[in-house]
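Quick caveat: nothing in here was measured; it's all calculated off a predicted structure.
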Amino acid sequence: MKWVTRENANVDRIACPWLIRRFIDPGAEFLFVARDQVLAVAAREGARSYDAPGAQYTHRDGKCSFDVLVEEFGLTGDRALVRLAQIVHAADIAQDRGSSPEGPGLYAIAHGFALLHGTRDDHKLELETPVYDALYAWCQHQAYRASS
């Protein structure tokens with residue numbers, strides 16, 4: 001399945017593809033297009049849209065797109081993933097940055113990648129995927145420790 005979002009990806013638009021490939025659609029293909037083209041490209045390509053105005057999966061009710069995807073695809077039973085969603089939310093939503101102590105760090109890392117690689121969104125996704133893998137592993141460890 002194709003998924004489409006705005007170009008010049010940052011926190012949510014990189015975290016969402018990680019989530020989608022790991023938990024929703026392992027064969028997902030991502031298209032990064034101009035903000036005003038997201039819905040048209042999604043319609044033309046038969047793609048799912050995310051993290052853009054009017055998109056199928058986007059910010060709503062104070063939640064970032066990552067939060068919405070976790071809920072919409074029934075992934076809330078994974079405590080580590082829920083914890084990761086809190087971190088992504090804090091990194092992505094400026095007014096909630098202090099809601100998770102790891103949020104500002106993820107924000108800084110994501111913006112550093114954006115500064116280094118600009119609009120090379122596929123490249124950023126490739127480079128940042130291990131960051132989310134590691135952060136998810138840490139969240140799993142935290143969830144395991146909490147249940148022990």
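A salt bridge is absent between Glu72 and Arg48: the closest approach of a Lys/Arg side-chain nitrogen to an acidic carboxylate oxygen does not fall below 4.0 angstrom. Using a 4.0 Å cut-off between a side-chain N of Lys or Arg and a carboxylate O of Asp or Glu, Lys63 and Glu71 qualify as a salt bridge. Ion pairing between a basic and an acidic side chain is recognised when a charged N comes within 4.0 Å of a carboxylate O; Glu102 and Arg83 show such pairing.
Sparse packing is recorded around CZ of Arg35, with 12 or fewer heavy atoms of other residues, nucleotides or ligands lying under 6.0 Å away.
The shortest distance between side-chain heavy atoms of Leu19 and Leu81 falls below 4.5 Å. Using a 4.5 Å cut-off on side-chain heavy atoms (C-beta onward), Ile14 and Glu128 make contact. Counting only heavy atoms from C-beta outward, the side chains of Arg79 and Gln142 never approach each other to under 4.5 Å. In this structure, Trp18 and Val131 have side chains that are not in contact, with every pair of non-hydrogen atoms separated by 4.5 Å or more. Ser49 places a side-chain heavy atom less than 4.5 Å from the side chain of Leu39. Between Arg21 and Leu125 there is a side-chain heavy-atom pair separated by less than 4.5 Å. You'll find the side chain of Cys139 stays beyond 4.5 Å of the side chain of Val82, heavy atoms only. The shortest side-chain heavy-atom distance between Val68 and Thr58 does not fall under the 4.5 Å cut-off.
Heavy atoms only, all atoms of each residue included: Val38 and Val4 are closest at O-CG1, 3.6 Å. Annotation for Asp121 and Ala9: closest pair OD1-N, 2.7 Å, computed over non-hydrogen atoms. Residues Gly118 and Lys124 share a closest heavy-atom pair of O-NZ, 2.5 Å. Across Ser65 and Asp51, no two heavy atoms sit closer than the pair OG-OD1, 2.8 Å. Nearest heavy atom pair, residue Asp122 against residue Phe30, reads OD1-O, 4.1 Å. In this structure, Ala90 and Ser99 approach most closely via the heavy-atom pair CB-OG, 3.6 Å.
No side-chain donor-acceptor contact under 3.5 Å links Arg13 to the backbone of Thr5. Formation of a donor-acceptor pair under 3.5 Å by the Arg6 side chain with backbone atoms of Val33 is not found in this model.
Atom CD in Glu45 sits 6.0 Å away from atom CG in Leu31 (nearest 0.5 Å). How far CD1 of Ile24 is from CG of Leu69: 5.0 Å, rounded to the nearest 0.5 Å. Atoms OG1 and NE2, from Thr119 and His123 in turn, are 11.5 Å apart once rounded to the nearest 0.5 Å. Asp78 CG to Leu84 CG: the interatomic distance, rounded to the nearest 0.5 Å, is 9.0 Å.
Hydrophobic clustering (ILVMFWY, side-chain heavy atoms < 4.5 Å, transitive): Leu75 and Leu135 are in one cluster. Trp138 and Tyr107 sit in two unconnected hydrophobic clusters of ILVMFWY residues. Membership requires side-chain heavy atoms under 4.5 Å apart, directly or through other members. By the criterion of side-chain heavy atoms lying less than 4.5 angstrom apart, applied directly or through intervening Ile, Leu, Val, Met, Phe, Trp or Tyr residues, Val70 is grouped together with Met1 in one hydrophobic cluster.
Applying the salt bridge (Lys or Arg N to Asp or Glu O under 4.0 Å) criterion to Arg22, with sequence neighbours excluded, gives Asp133.
Within the structure, the side-chain hydrogen bond (donor to acceptor under 3.5 Å, both in side chains) test picks out the following pairs touching residues 88-98 (sequence neighbours left out): His59-Asp92, Asp67-His89, His89-Asp96.
Ring centroid separation for the pair Phe66 and Tyr132 does not come in under the 6.0 Å cut-off. Not less than 6.0 angstrom separates the ring centroid of Phe32 from the ring centroid of Trp3. Less than 6.0 angstrom separates the ring centroid of Tyr57 from the ring centroid of Phe73.
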